[in-house]
Structures are given as structure tokens and as C-alpha cells.
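Sequence lines set the chain letters: A, B, ... in the order given, protein chains first and strands last, and positions in each chain run from 1. Values below: every heavy atom of this structure, side chains too, minus hydrogens, waters and symmetry copies. Since the model is a prediction, treat every value here as computed from it, not as a measurement.
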Amino acid sequence: NAGVTQTPKFRILKIGQSMTLQCTQDMNHNYMYWYRQDPGMGLKLIYYSVGAGITDKGEVPNGYNVSRSTTEDFPLRLELAAPSQTSVYFCASRRVPNTEAFFGQGTRLTVV
Amino acid sequence: AQSVTQLGSHVSVSEGALVLLRCNYSSSVPPYLFWYVQYPNQGLQLLLKYTSAATLVKGINGFEAEFKKSETSFHLTKPSAHMSDAAEYFCAVSYNTNAGKSTFGDGTTLTVKP
């Protein structure tokens, strides 16, 4: 009963490096989301997807990219990492809009 | 645009005391409202949700919330705080019309004193 799985849990990047944060869910949910959480700021939506092959920008998409080739997977790509991208990243999924969102355990990213 | 305001970024109560965490939303269409809890170094877990059925919603761990349309509020309460309730709490709103994108409040950190 895995739910939403994120990898890695922790990562330190140097400025200018790139990386992919992995997210997979085993609940056959169509809706998936990437959020970042900064201290005292709540969660901000980066990108979201309503199904395989369909993605769209959220509130804070700059510096990130996503893809959704399967229902299960929704990776988040950081190109040219910057210190402003130091944050905790959460992936979430839900079956339909009025149901609860299931969250992964988060990825704590530090850019130095 | 939808928004969520949580009044009080930090709330401190004594063990056994009433817990009241405030949430107000702004919306021009009927919302779906959620309270989530986040324990240190973990993801968010659902406490309870309002989806246009009963206005008083009961959740896990003894929490409940009342949807008041006239006040655009969805405050979270628990009659008697327990030490294990210490965590961060988030109020969130979403709609059928926007792909279920949730807008979250900034969170309230609950401290429970012995």
C-alpha cells in the first residue's frame, strides 16, 4: 500500500546543476501536483497534471519542468539550480477534485 | 482568485484545553475545504474535508470543523488537546472547475504545553 512515493528524500545541489525529482503513485489517480513548501509560506503549486500527456503551470513554475508520460509517474525537472530553489518539494495526487489529496513524504533540496 | 487565510501562525494551548485554529476563505463559487496536518519531516495528511454535505464535519483524532458560508469560515476545533496534537495545520480550498488545484493557507503551528 505505497500511495505516493518521492525520491530522493534529501539532495544537495550546486548552483547551475540539474536534477529530477521522482514521484510515482499506485492509486491510478489522474490528478497529480507538485508543490514547494518554504518556511511560514504554506504550499505553492509549481505544476499540475490532469492525466497522462497533460500538464500545466501552477503559481511558481519558473525554473522547473514536468512530464507525464504515464498515469503513475510525474517527475519534476530542475534545470540550472539556483539558491532560490532551496525548499521542500511535495508531490500529491487525487482521484477527482473534491477528494482528499495524498502527499508524498517530501524531498528536501538545498542549492549551494 | 481564491485565497485562504489562517489567522495566527502559532497557537499554544495547554494539554486538555480547547483547540481552535481559524481559517477563512475567499471564493465566488462553492468551495471544497480541507484541513491537513503535517508532523515534522512528513507529508500532509487529511484531517477532514467539507464537500457540500453536512456543515459540521468530523475528522480523525477528535477534530471537527464547521463550514459557515455567511462568515466564509472553516475553523478547526478539538475539545481537549493532547500532546500528540502538536504539529502544523493547513487549511486548503479547491474547486471542481480548476482541475482540483488546491490553494493552501500559510499554516498554523500548534504547540501543546504539559
Side-chain angles (χ1 to χ4, degrees), chain A residues 2-10 21 23 25 27 29-51 54-61 66 68 74 87-109, chain B residues 1-11 21 23-25 27 29-53 57 59-60 63 65 67 87-109:
Chain A
V4 179
T5 303
Q6 289 183 238
T7 55
K9 287 187 168 52
F10 304 93
L21 283 66
C23 175
Q25 52 92 7
M27 297 172 283
H29 288 169
N30 281 325
Y31 295 82
M32 295 189 74
Y33 313 87
W34 273 106
Y35 293 93
R36 58 177 288 171
Q37 183 181 29
D38 300 309
M41 299 291 289
L43 280 75
K44 302 299 181 188
L45 182 65
I46 305 171
Y47 269 95
Y48 68 99
S49 170
V50 301
I54 307 169
T55 63
D56 207 346
K57 296 177 180 178
E59 299 173 78
V60 290
V66 293
R68 184 95 183 269
F74 190 42
S87 189
V88 181
Y89 292 83
F90 288 100
C91 179
S93 73
R94 68 190 340 151
R95 185 173 54 84
V96 292
N98 62 343
T99 56
E100 73 173 285
F102 292 83
F103 285 81
Q105 294 291 294
T107 296
R108 188 173 296 273
L109 175 67
Chain B
Q2 62 204 50
S3 67
V4 176
T5 303
Q6 291 184 239
L7 292 175
S9 57
H10 292 86
V11 170
L21 305 182
C23 173
N24 288 88
Y25 67 93
S27 166
V29 297
Y32 298 115
L33 293 158
F34 305 82
W35 275 101
Y36 291 89
V37 60
Q38 184 181 32
Y39 298 103
N41 301 314
Q42 293 189 25
L44 280 69
Q45 304 169 37
L46 182 72
L47 273 179
L48 49 79
K49 65 180 181 182
Y50 167 77
T51 57
S52 77
V57 181
I60 62 171
F63 284 94
F67 172 67
E88 189 157 21
Y89 292 80
F90 291 93
C91 182
V93 62
S94 68
Y95 304 89
N96 260 336
T97 56
N98 67 345
K101 292 180 290 181
S102 292
T103 297
F104 287 82
D106 288 342
T108 298
T109 300

When B:Pro31, B:Ser94, B:Ala92 are compared by non-hydrogen pairs under 4.5 Å with chain A, the top option = B:Ser94

Taking every heavy atom of A:Val96 against every heavy atom of A:Tyr31, the minimum-distance pair comes out as CA-CE1, 3.9 Å

Over all heavy atoms of both residues, which pair between A:Cys23 and A:Trp34 is shortest? Give the atoms and the distance, please.
-> CB-CZ2, 3.4 Å

Side chain to side chain contact (heavy atoms under 4.5 Å, CB included) with B:Val37: which of B:Leu44, B:Leu48, B:Leu47?
-> B:Leu47

Bottom line for B:Tyr36: the part with an atom under 4.5 Å from chain A's heavy atoms is side chain

Side chain, backbone, both or neither: which part of B:Lys49 has a non-hydrogen atom closer than 4.5 Å to chain A?
-> side chain

Under 4.5 Å to a heavy atom of chain A? For B:Ser9 that would be neither

What residue in A:Met41, A:Lys44, A:Gln6 has the most heavy-atom pairs under 4.5 Å with chain B?
-> A:Met41

For B:Thr103, is it the side chain, the backbone, both, or neither that has a heavy atom closer than 4.5 Å to a heavy atom of chain A?
-> neither

Proximity breakdown for B:Gln38 and chain A, heavy-atom pairs closer than 4.5 Å = side chain

Polar side chain donor-acceptor pair, B:Thr5 to B:Asn24, under 3.5 angstrom | no

In terms of heavy-atom proximity below 4.5 Å to chain B, should A:Ala92 be classed as side chain, backbone, both, or neither?
-> neither

Give, as side chain, backbone, both or neither, the part of A:Leu43 having an atom under 4.5 angstrom from any heavy atom of chain B.
-> both

Kindly assign one of parallel, tilted or perpendicular to the pair A:His29 and A:Phe102, based on the angle between their ring planes and the thresholds 30° and 60°.
-> tilted

Side-chain donor-acceptor contact under 3.5 Å, A:Arg108 with A:Ser87 = no

Give a yes/no verdict on a cation-pi contact between A:Arg94 and B:Phe34, requiring under 6.0 Å between NZ or CZ and the six-membered ring centre and an angle within 45° of the axis.
-> yes

Could you tell me which portion of A:Tyr35 (side chain, backbone, both or neither) has an atom closer than 4.5 angstrom to a non-hydrogen atom of chain B?
-> side chain

